[in-house]
Number of protein chains: 2
Amino acid sequence: MSKTQINQIHNSINRVVHEPVRLAILKILTSAKEVDFNFLLTTLGVTKGNLATHINKLEAAGFIEVKKEFRGKIPHTSYRITKTGRRQFQKYWENLMGLAPE
Amino acid sequence: MSKTQINQIHNSINRVVHEPVRLAILKILTSAKEVDFNFLLTTLGVTKGNLATHINKLEAAGFIEVKKEFRGKIPHTSYRITKTGRRQFQKYWENLMGLAPE
DNA sequence: ATCATTGGTTTGTATCAAAAACTGGTTTTT
DNA sequence: AAAAACCAGTTTTTGATACAAACCAATGAT
């Protein structure tokens with residue numbers, strides 16, 4: 001593997017995806033067409049503030065879409081992965097595998 | 001995949017390894033028994049300060065060993081991956097793959 | 001003599017993950 | 001009916017840390 005190849009690989013890692021909590025969120029969203037805040041909260045075992053910021057990042061990047069509604073009187077937020085999100089998640093893994101051991 | 005499984009996975013990601021530049025360093029060191037500072041510098045295309053700090057992290061974690069010698073009158077530093085480093089690199093990938101798409 | 005190169009270290013900055021604190025309610029308890 | 005506790009998040013703060021710039025001490029090239 002050449003120098004320029006190695007360089008191109010580690011520079012190609014998308015930082016929005018390359019964060020364990022966000023990787024886990026994307027992984028979940030690729031298989032579960034829609035999940036809500038509380039599901040992610042309990043599944044990931046992170047704090048609410050932490051989860052909210054990760055979600056914001058993913059939304060800002062256009063990787064997930066956020067739906068806010070009222071269920072009775074209680075607000076409810078749910079998330080889906082977008083086409084872009086799915087594509088970028090896939091692409092991230094393709095790039096990353098270039099750094100895996102043989 | 002269960003909630004506790006997802007939680008355990010994203011919490012198991014070793015942050016020392018999980019950094020693109022350090023991933024690239026470890027990748028190189030798994031195939032090239034010994035490399036020097038300048039090789040890494042040109043291969044990775046990072047600044048010297050940046051490279052030095054990444055190397056320090058890897059050394060502090062016991063993942064690489066650093067050999068300093070004089071070649072004639074010129075100092076020369078080279079690096080090898082340790083047993084621990086190799087094992088942790090492998091383990092990191094096993095954990096990480098739990099977050100890859102199906 | 002001086003300019004570039006090697007092989008770094010030190011210092012400064014800007015980003016960002018994570019937690020804590022806060023908000024605007026609703027439900028429950030007393 | 002008031003207070004306490006809970007829900008579903010958002011905003012703010014803090015602590016790390018990735019990264020680059022500047023520096024340094026020595027050697028080698030012109």
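Within every chain, numbering begins at 1; the chains are lettered A, B, ... in the order of the sequence lines, protein sequences first and strands thereafter. Nothing here was measured: the structure is a model prediction, and the numbers come from that model.
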Straight-line distance of B:T4 OG1 to B:N11 CG, nearest 0.5 Å: 11.5 Å

OP1, OP2 of D:dT10 versus side-chain N and O of A:K68: anything below 4.0 Å? yes

Integer-rounded Å distance: C:dT28 C1' and A:I74 CD1: 12 Å

Pair up each side-chain donor or acceptor in residues 33-40 of chain B with any protein partner under 3.5 Å, not counting sequence neighbours, and list the distances.
unit_1: B:E34; atom_1: OE1; unit_2: B:K67; atom_2: NZ; d: 3.4
unit_1: B:E34; atom_1: OE1; unit_2: B:R80; atom_2: NE; d: 2.6
unit_1: B:E34; atom_1: OE1; unit_2: B:R80; atom_2: NH2; d: 3.0
unit_1: B:E34; atom_1: OE2; unit_2: B:K67; atom_2: NZ; d: 3.2
unit_1: B:E34; atom_1: OE2; unit_2: B:S78; atom_2: OG; d: 3.4
unit_1: B:D36; atom_1: OD1; unit_2: B:N38; atom_2: N; d: 3.4
unit_1: B:D36; atom_1: OD1; unit_2: B:F39; atom_2: N; d: 2.8
unit_1: B:D36; atom_1: OD2; unit_2: B:H76; atom_2: NE2; d: 2.9

Is it possible for you to say whether A:L51 and A:I74 belong to one hydrophobic cluster, with membership spreading through side-chain heavy-atom contacts below 4.5 Å? no

Between D:dA8 (C1') and A:K73 (NZ): distance, integer Å: 17 Å

Under the rule for side chain to side chain contact (heavy atoms under 4.5 Å, CB included), what residues qualify as partners of B:E102, not counting sequence neighbours? A:K27

Quick test: give all pairs of protein nitrogen or oxygen and nucleotides 16-21 of chain D nitrogen or oxygen below 3.5 Å, distance rounded to 0.1 Å.
unit_1: D:dA18; atom_1: OP2; unit_2: B:R22; atom_2: NH1; d: 2.9
unit_1: D:dA18; atom_1: OP2; unit_2: B:K57; atom_2: NZ; d: 3.1
unit_1: D:dC19; atom_1: OP1; unit_2: A:R15; atom_2: NH2; d: 2.7
unit_1: D:dC19; atom_1: OP2; unit_2: B:E19; atom_2: OE2; d: 3.3
unit_1: D:dC19; atom_1: OP2; unit_2: B:H54; atom_2: NE2; d: 3.0

What is the distance from atom NE2 of B:H54 to atom CG of B:L26, rounded to the nearest 0.5 Å? 11.5 Å

Could you state the atom-to-atom distance from CD1 of A:I25 to C1' of C:dA17 in whole Å? 12 Å

Grab the CZ-P distance between B:F70 and C:dG7 for me, whole Å please. 11 Å

Atom-pair distance (CG on A:N14; P on C:dC16), nearest Å: 12 Å

Provide, to the nearest angstrom, the distance between the CG atom belonging to B:L40 and the P atom belonging to C:dG7. 12 Å

Looking only at side-chain atoms of B:A52, point me to the closest of D:dT10, C:dT26, C:dT9. C:dT9

In residues 26-39 of chain B, which residues come under 4.0 Å of DNA chain D by heavy atom? none

Please list every donor-acceptor pair under 3.5 Å in which a side-chain atom of residues 84-93 of chain A meets a protein atom from a residue at least two apart or in another chain.
unit_1: A:R86; atom_1: NH1; unit_2: A:T30; atom_2: O; d: 3.4
unit_1: A:Y92; atom_1: OH; unit_2: A:H18; atom_2: ND1; d: 2.6

For the atom pair CG (B:L58) and CD (B:E19), what is the distance rounded to the nearest 0.5 Å? 10.0 Å

Side chain to side chain contact (heavy atoms under 4.5 Å, CB included) involving B:K68 - partner list, sequence neighbours excluded: B:V66, B:T77

How many angstroms lie between CD1 in A:I13 and CG in A:L96, if you round to the nearest 0.5 Å? 4.5 Å

Atom CG of A:L51 and atom P of D:dT10: how far apart are they, to the nearest Å? 9 Å

Rounding to an integer number of Å, can you tell me how far A:E69 CD sits from D:dA8 P? 12 Å

